[in-house]
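Each remark here refers to the structure printed beneath this line.
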Amino acid sequence: QVQLVESGGGLVQSGGSLRLSCAASGPIFSNSHVGWFRQAPGKEREFVAGVSWSGTFPEYGVSLKGRVTMSLDNAKNIVYLQLNSLKLEDTAVYYCAADRYGIFSRRSSDWNYWGQGTQVTVSS
């Protein structure tokens, strides 16, 4: 069982930046993936970024592309999500996710493990 714990969320002004972290533990395989999703109130969970634990080039979702960078610290099993130029519409709960079978997907239903989420609130 993979366990994921997010941190780093908070309140930030429009145009600001945040770095989210996700600490992973448990059976992690290099061909499996780790990703970030977000969910705003009343909306579906949305793909933000994903990468394999072996470090293949990350994939990014449309909404934050150009304003987000995902990186890995394989030695510590920590995943980072750098959010820049934040907008009001980026307000959401951000979740870390991991897959079990090594199949990359942008659909949240295809991911097997989830963290508890961390709230990001962007104010004007």
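One-based numbering along the sequence shown.
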Give, for atom [atom1] of [X] and atom [atom2] of [Y], the distance between the pair rounded to the nearest 0.5 Å.
X	Y	atom1	atom2	value
Thr118	Tyr94	OG1	OH	10.5 Å
Arg106	Glu46	CZ	CD	10.5 Å
Trp36	Cys22	CH2	SG	5.0 Å
Met70	Leu20	CE	CG	11.0 Å
Gln3	Gln116	CD	CD	11.0 Å
Leu83	Arg19	CG	CZ	11.5 Å

Step by step, would you call Leu81 with Val48 a side chain to side chain contact (heavy atoms under 4.5 Å, CB included)? CA-CA 9 Å; Leu81 188 72; Val48 174; 4.0 Å; yes
Mind listing the closest non-hydrogen atom pair of [X] and [Y] along with its distance?
X	Y	result
Pro58	Tyr60	CG-OH, 3.5 Å
Trp114	Ser108	CZ2-O, 3.3 Å
Arg107	Ser105	N-OG, 2.9 Å
Val2	Ala98	CG1-CB, 4.3 Å
Trp53	Asn74	O-ND2, 2.7 Å
Ser14	Ser124	CB-CA, 4.5 Å

With Leu72 as partner, the option from Ile78, Val34, Asn77 fulfilling side-chain contact (heavy atoms from CB on, under 4.5 Å) is Val34
Counting only heavy atoms from other residues, nucleotides and ligands, does the tally under 6.0 Å from CD of Glu89 exceed 12? yes
Determine whether more than 12 heavy atoms belonging to other residues, nucleotides or ligands lie under 6.0 Å from atom CD of Glu44. no
Quick one: do Lys87 and Asp90 make a salt bridge, cutoff under 4.0 Å? no
For the residue pair Arg38 and Lys43, establish whether any side-chain heavy-atom pair is separated by less than 4.5 Å. no
Begin with the C-alpha distance, continue with both residues' side-chain angles, and end with the deciding distance and a verdict on side chain to side chain contact (heavy atoms under 4.5 Å, CB included) for Phe104 and Asp99. CA-CA 8 Å; Phe104 179 78; Asp99 93 284; over 6 Å; no
Residue pair Glu6 / Ser21, side-chain donor-acceptor N/O under 3.5 Å: no
What about the rings of Phe37 and Trp111, do their centers lie closer together than 6.0 Å? yes
Taking the ring of Tyr113 and the ring of Tyr95, is the distance between their centroids below 6.0 Å? no
Does Leu4 belong to the same Ile/Leu/Val/Met/Phe/Trp/Tyr cluster as Val79, with side-chain heavy atoms less than 4.5 Å apart forming each link? no
For residues Phe47 and Val62: do they belong to one hydrophobic cluster (side chain heavy atoms under 4.5 Å, members Ile, Leu, Val, Met, Phe, Trp, Tyr)? no
Taking only residues two or more places apart in sequence or in another chain, which ones pass side-chain hydrogen bond (donor to acceptor under 3.5 Å, both in side chains) with Asn112? none
Quick one: do Thr121 and Val12 satisfy side chain to side chain contact (heavy atoms under 4.5 Å, CB included)? Show the steps, please. CA-CA 6 Å; Thr121 303; Val12 62; over 6 Å; no
As a quick check of understanding, evaluate side-chain hydrogen bond (donor to acceptor under 3.5 Å, both in side chains) for Asn84 and Ser17, giving each step before the final call. CA-CA 4 Å; Asn84 298 320; Ser17 298; 3.0 Å; yes
